[in-house]
Amino acid sequence: MEHTEVKVRKNLKYLTLLAQEYPNIASACSEIINLQAILKLPKGTEHFMSDLHGEAEAFTHIMNNASGIIREKVDRVLGEEVPPEERAEFATLIYYPSRKLDELKDRQADLDAWYRQTLYRLIDVCRVVSSKHTRSFVRKRLPKNYAYILDELLHAHFEDHDKEFYYDQILASIIDVGRADDFIEALCELIKSLAVFKLHILGDLYDRGPRPDLIVEQLMNHHSVDIQWGNHDVVWMGAAAGSPVCIATVIRTSLAYNNMEALEDGYGINLRPLALFAEDEYRDCDVHHFYPNLNERREPYHRSELARVARMHKAIAVIMFKLECAVIDRNPDFELEERDFLRRIDYGTGTVLVEGKRYPLQDDDLPTVDPADPARLTDREQAVMNALCRSFLESERLQRHIRFLYAKGGVYHAENGNLLFHGAIPLAESGGFLVETFEHHGYAGRELLDYCDARARRAYFAPEDSAERLSGCDFLWYLWCGKLSPLYGRDKMTTFERLFVADPATHEEHSNPYYRFINDTKMDRAILAEFGLDQTYSHIVNGHVPVKAVQGESPLKGAGRMICIDGGFCRAYHEKTGIAGYTLVYTSRGLSLRAHQPFESIDKAVQQNMDIVSSVDVFETNERRLLVGDTDEGRRLAANVQDLKLLVAAYQMGLVKEKD
């Protein structure tokens, strides 16, 4: 008792504040009972995904089917006595209720009977997926219009009632008043929201695919998500912060794949100033090296349209290389002096100096470059960039999405024994943590990633027009392509060489030694220890480098301590990887990888009940089922229980007064 009293007196100021939320012994004890009950629930299901690259339709479907988990629940609830085709149809209804309902209703001879059967089945599936959650958690996710009814159906006890009669009375009323369709849609959305407790996205939401903005919208609607930034994300973050070089980079990448949907349709970015400038300045130029890569596109394009895109691509690429020179000049600690290529061109001989060797330019038609001052923007180029910067800064939807990425994201995240990051922990050739010097200080390992995170936030949150904001914006560009960027993980990004130099030897990009050491269990343990995680049971999870499953490569490295979950979600990588992405699933029973096959379209999914085929590899099973109390969140809740017990003691000792 004396020990407890000492603790109470030591924390009296905090306990007085806690008493505002729990004003008496009864309320504090009630919360203690609630929290202790939560600690005994099975651990919630976590899903890990990486490198989504704008593939919004495939991502939508995987979110709708919870990486195949919902179909498993449907099969479990309906059982083998229901034909597979009917189970597939029912699963599709859960995935896309608003699009599937009319088709199913049109085929029913007795619509009321079909409604009753469908509602029964949906309620049973919903009860299964909600079983891991507290009643309070489920209640918070119930649709407002049907919250009371759903709460009754999901949590009612039937010891004193005939179950069928109880259901029938409620469901018959829903059907009679014409609300069955709305109720079905509400149940389907609830099932999907409860299937995945926590979602981890390990970077590269943007670029390549057509609609990253739609992916971000879905993530914003999820109840629990965290994001580890990828290099394709940070360059968009820089663009939203108004960085000219990041804006030029984002636009160039979009044009390189003839993919302007996210810019124009998603974010309302006005590319007309660039288009008009390119038509004037580059109409008679050689642009055949700037035609877009169409491997990822779904629709045919007219040659004249592609020529227009190529002119825009060349125009913004030249602007981008000029802007890169200015960033390199401002930041000598980036150590990128040899990559100011416009200054390394001999405009008389049409050659360029690349890593100490001269190569002929395959394209020396550069009408807006002044050989006497090649990094200077022309007046018209500056006007184009001013207009583009305004458009990015004034896009409310883009700004809202980037604020979300900052709020929910970071360079790395550690939770429940898993260390999550997108790219690499920079290592030296010897295998030790590589020391990088920025702003006169050396950083390595965890300290380096913390520094990167903090400086990246300057770009968006430092005062406008301040040196700190400019420094942050420049650093976001460095994280995109810098030779020691933990988000990029390669020694250089050879965009200039690929566009202007024919020799393929100049196109090579060498990975950081981290990628040579990922199968070294000693190094994996050193990384886990650096971040304060258990070296025996914890895992490193990252993406960025597609796993070539078609060639037999395994996503499990270092005896299973490291897991690479980039399975080629983007269409461009399907042939290389042989699959269309991974989802790592961490349940109360263990870890499994779900390898997804390519997804054709939502239309086919709805019309033909075509699901994504996913194979499941359970590679680590827990010795016992994990409970909430075994998780990081559980440890926080257990600490809250101890605080509440101290508050109860404070009330009992009369040190804090109870209130009604």
Side-chain angles (χ1 to χ4, degrees), residues 45 60-132 138 146 149-150 153-156 158 162-172 174-175 179-196 583 585 587 589 592 594 596-597 599-600 602-616 618:
T45 300
T60 296
H61 190 80
I62 286 178
M63 287 294 289
N64 282 346
N65 78 355
S67 301
I69 284 176
I70 288 178
R71 178 57 193 269
E72 292 171 6
K73 304 299 185 190
V74 166
D75 289 342
R76 172 180 158 188
V77 169
L78 268 59
E80 294 293 329
E81 61 272 15
V82 176
E85 298 80 8
E86 189 174 341
R87 282 181 268 145
E89 189 175 73
F90 182 68
T92 303
L93 174 65
I94 295 175
Y95 307 155
Y96 306 103
S98 62
R99 298 186 60 172
K100 192 68 179 176
L101 259 173
D102 287 343
E103 174 203 328
L104 294 175
K105 286 160 55 181
D106 288 345
R107 294 196 261 117
Q108 307 308 320
D110 186 342
L111 185 58
D112 283 2
W114 178 82
Y115 273 140
R116 284 194 297 274
Q117 181 188 63
T118 300
L119 288 167
Y120 277 132
R121 289 174 170 178
L122 287 172
I123 290 164
D124 286 341
V125 172
C126 197
R127 287 170 71 97
V128 170
V129 297
S130 67
S131 61
K132 281 189 177 182
V138 174
Y146 301 108
I149 298 172
L150 280 170
L153 293 173
L154 294 176
H155 299 106
F158 301 101
D162 179 83
K163 183 175 181 179
E164 296 296 326
F165 177 77
Y166 184 81
Y167 272 171
D168 271 337
Q169 292 303 300
I170 296 175
L171 300 185
I174 292 169
I175 296 167
R179 306 306 295 172
D181 287 5
D182 285 346
F183 198 72
I184 286 172
E185 290 191 32
L187 267 169
C188 292
E189 296 306 320
L190 180 60
I191 289 168
K192 289 183 286 189
S193 72
L194 294 174
V196 178
T583 300
V585 179
T587 70
R589 301 189 185 280
S592 63
R594 293 169 180 259
H596 309 302
Q597 293 304 307
F599 178 67
E600 291 200 40
I602 288 178
D603 285 340
K604 281 198 172 183
V606 174
Q607 295 163 10
Q608 302 176 27
N609 304 313
M610 291 180 64
D611 211 338
I612 289 181
V613 178
S614 302
S615 59
V616 182
V618 178

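If you're wondering where the values come from, they're calculated on a predicted model, not measured in any experiment. The analysis underlying the following values was restricted to heavy atoms, covering all of them including side chains, and did not include hydrogens, waters or symmetry mates.
The side-chain heavy atoms of C188 and K100, taken from C-beta on, include no pair separated by under 4.5 Å. You'll find the side chain of R87 reaches within 4.5 Å of the side chain of V82, heavy atoms only. F599 places none of its side-chain heavy atoms less than 4.5 Å from the side chain of K604. You'll find the side chain of V585 stays beyond 4.5 Å of the side chain of V616, heavy atoms only. Two residues are said to be in side-chain contact when any heavy atoms from C-beta on lie closer than 4.5 Å; E85 and N609 fail this criterion. A 4.5 Å side-chain heavy-atom check between R594 and I69 finds at least one atom pair inside the cut-off. Two residues are said to be in side-chain contact when any heavy atoms from C-beta on lie closer than 4.5 Å; Q597 and S615 fail this criterion. In this structure, R121 and V77 have side chains that are not in contact, with every pair of non-hydrogen atoms separated by 4.5 Å or more.
Contact detail for R71 and A91: the closest heavy-atom pair is CD-CB, 3.9 Å. The two residues P97 and K192 have their closest heavy-atom pair at CD-NZ, 3.9 Å. Contact record, R99 with V606: O-CG1, 3.9 Å, taken as the closest heavy-atom pair.
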Can T587 and K132 be said to form a side chain to side chain contact (heavy atoms under 4.5 Å, CB included), step by step?
-> CA-CA 11 Å; T587 70; K132 281 189 177 182; 4.1 Å; yes

Check the pair L171 / I123 against side chain to side chain contact (heavy atoms under 4.5 Å, CB included), numbers first and verdict last.
-> CA-CA 11 Å; L171 300 185; I123 290 164; 4.1 Å; yes

Go through the steps to decide whether F183 and I175 satisfy the test side chain to side chain contact (heavy atoms under 4.5 Å, CB included), and finish with yes or no.
-> CA-CA 9 Å; F183 198 72; I175 296 167; over 6 Å; no

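Expressed to the nearest 0.5 Å, how far CD of E189 lies from CG of N64 amounts to 7.0 Å. Atom CG of residue N65 and atom NZ of residue K73 lie 13.0 Å apart, to the nearest 0.5 angstrom. Note: I191 CD1 to D124 CG = 9.5 Å, rounded to the nearest 0.5 Å. Put simply, CG on L190 and CG on L122 are 10.5 Å apart, with the number rounded to the nearest 0.5 Å. Between C126 atom SG and L119 atom CG the span is 11.5 Å, to the nearest 0.5 Å. Annotation: the span from T583 atom OG1 to H596 atom NE2 amounts to 3.0 Å, rounded to 0.5 Å.
Counting only distance, with no hydrogens or angles, the side chain of S131 and the backbone of V128 share a donor-acceptor pair below 3.5 Å.
In summary, R107 and E103 engage in a salt bridge, as defined by a charged side-chain N under 4.0 Å from a carboxylate O. Salt-bridge check for D112 with R116: failed, with every basic side-chain N at 4.0 Å or more from each acidic carboxylate O.
Relative ring orientation between H61 and Y95 is described as perpendicular, the plane-to-plane angle rising above 60° on a 0-90° scale split at 30° and 60°.
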